[in-house]
A.B. asks: 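Okay, here's the structure, questions in a sec.
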Number of protein chains: 2
Amino acid sequence: MATASRESVRKTLHEFLAEKGFRKTSQRDAIIEAAFGTHEHYTAEELLVMSRAIDKSVSRATVYRTLPILVESGLLRELDLGGETKIYDPNFLEHPTHNHLVCVDCKKIIEFEDPNMELLENCISRRLGFSPANKMVTIEAHCDEFKASGTCTRRPCDKD
Amino acid sequence: MATASRESVRKTLHEFLAEKGFRKTSQRDAIIEAAFGTHEHYTAEELLVMSRAIDKSVSRATVYRTLPILVESGLLRELDLGGETKIYDPNFLEHPTHNHLVCVDCKKIIEFEDPNMELLENCISRRLGFSPANKMVTIEAHCDEFKASGTCTRRPCDKD
DNA sequence: ATTTCTGCAAACGATTTGCACAGGG
DNA sequence: CCCTGTGCAAATCGTTTGCAGAAAT
């Protein structure tokens, strides 16, 4: 399934690039491969490292120039969870309406989907006279493990 | 009412600063006055201008150093709406659980409160094994006016 | 007197951009 | 060939910080 969706991502992206008149380059291929070869979230810098593992010639500038294109294609989503750096989420193809819960203690990000949330956001938007285009919910929370022991298993390592 | 709440803000803040061992300075007073003398949202830079209108001696560094203190006090909230700069919201005293809808076209920010949203967020958090600490909902949307005429009354001026 | 605050200007870190060359159509 | 894409390094922009003097306790 992960493979199947990666196929479709590649195809959709290829069409998108062609349609927009963008050229197909080895660097962009590597970045796309890296960007959708995982279900993890990543920063621009992390994507650079991942892309370079595939094609050493990928530069930081190209990653930064390619990211907005991927976001525009709708296959990659830019997240603004409290941190200082933007985070990118490749999982919106499979779960188009998911949201995020961030553990305040270990910074772990948990994705969740909820149809009621979806419904409620639409209702609220319409009530205010708007048509929703992009809905973002982020919940910062303490996990039960933290409440019990005072720390999370997953200690603050990657972030903070 | 705005006056009454500003009084209480000043009092709460004064207590908070004293409790934390922070000193009372004319610059902080000016910043606090500026920060809670409006119901509008503002950036750090805008707060600097507002503070300087009250006390010319306020420096950018002091604003940036005071902002985290006000946020920590719980009276001021830092928002991360899509833009590149952080936005500060002084309205959480009066509406502790409000959320934001941002017009994609004119960037206008509309605040809304909804008890169902509140409830739903708590349910979802608990279901995942977490105790929510901070819940943020942001909806980006097109207004009806835009749908009808192709633009908003409030054109892109302050942002974008 | 002691310690926190302040303004200034330099430092920072993520992101962007100008340039001349490489490479896709 | 023409024009877009690229790497590099310099530039940008919001924010942070080191320092010496100013002000609060």
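Labels below follow one simple rule: chain letters A, B, ... track the order of the sequence lines, proteins then strands, and each chain is numbered from 1.
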A.B. asks: Can you tell me how far CD of Glu46(B) sits from CD of Glu40(B), rounded to the nearest 0.5 angstrom?
C.D. replies: 9.5 Å
A.B. asks: If I take atom CZ in residue Arg28(B) and atom C1' in nucleotide dT25(D), what distance separates them, rounded to the nearest angstrom?
C.D. replies: 13 Å
A.B. asks: Take the protein atom CG of Leu48(B) and the nucleotide atom C1' of dT15(D), then report the distance between them rounded to whole Å.
C.D. replies: 13 Å
A.B. asks: Could you tell me which residues satisfy side chain to side chain donor-acceptor pair (under 3.5 Å) with Lys11(A), sequence neighbours excluded, listed by chain and number?
C.D. replies: Glu15(A)
A.B. asks: For residues 73-83 of chain A, pull every pair meeting side chain to side chain donor-acceptor pair (under 3.5 Å), keeping only residues two or more places apart or in separate chains.
C.D. replies: Glu78(A)-Tyr88(A)
A.B. asks: Show me the donor-acceptor pairs within less than 3.5 Å that the side chains of residues 64-71 of chain A make with the rest of the protein, sequence neighbours left out.
C.D. replies:
residue	atom	partner	partner atom	Å
Thr66(A)	OG1	Thr62(A)	O	2.7

A.B. asks: To the nearest 0.5 Å, what is the distance between CG (Leu79(A)) and CD1 (Ile109(A))?
C.D. replies: 7.0 Å
A.B. asks: Rounded to whole Å, how long is the line connecting atom CD1 of Ile87(B) with atom C1' of dG14(D)?
C.D. replies: 13 Å
A.B. asks: Which other residues end up in the same hydrophobic cluster as Ile110(B), if Ile, Leu, Val, Met, Phe, Trp and Tyr are linked when side-chain heavy atoms come under 4.5 Å apart?
C.D. replies: Leu101(A), Ile110(A), Phe112(A), Met117(A), Leu120(A), Ile124(A), Leu128(A), Phe130(A), Val137(A), Ile139(A), Leu101(B), Phe112(B), Met117(B), Leu120(B), Ile124(B), Leu128(B), Phe130(B), Val137(B), Ile139(B)
A.B. asks: Whole Å only: how far is the CD atom of Glu84(A) from the P atom of dT15(C)?
C.D. replies: 10 Å
A.B. asks: Tell me, which pairs form a salt bridge (Lys or Arg N to Asp or Glu O under 4.0 Å) where one or both residues lie in residues 134-144 of chain A, sequence neighbours left out?
C.D. replies: Glu118(A)-Lys135(A), Asp144(A)-Lys147(A)
A.B. asks: Residues of residues 59-77 of chain A with any non-hydrogen atom less than 4.0 angstrom from an atom of DNA chain D: list those, numerically ordered, please.
C.D. replies: Ser59(A), Ala61(A), Thr62(A), Arg65(A)
A.B. asks: Can you tell me how far C1' of dG13(C) sits from NZ of Lys86(B), to the nearest Å?
C.D. replies: 14 Å
A.B. asks: His142(A): which residues meet the side chain to side chain donor-acceptor pair (under 3.5 Å) condition with it, sequence neighbours left out?
C.D. replies: Asp105(A)
A.B. asks: Would you kindly give the CG-to-P distance between Asp29(A) and dG23(C), to the nearest whole Å?
C.D. replies: 15 Å
A.B. asks: Got a sec? Which of residues 13-26 of chain B come in under 4.0 Å of DNA chain D, heavy atoms?
C.D. replies: Arg23(B), Lys24(B)
A.B. asks: To the nearest angstrom, how far is Leu47(A) atom CG from dA14(C) atom P?
C.D. replies: 15 Å
A.B. asks: If hydrophobic residues (ILVMFWY) are linked whenever their side-chain heavy atoms come closer than 4.5 Å, directly or via other members, who joins Met136(A) in its cluster?
C.D. replies: none
A.B. asks: Rounded to whole Å, please give me the gap between OH in Tyr42(B) and P in dG14(D).
C.D. replies: 18 Å
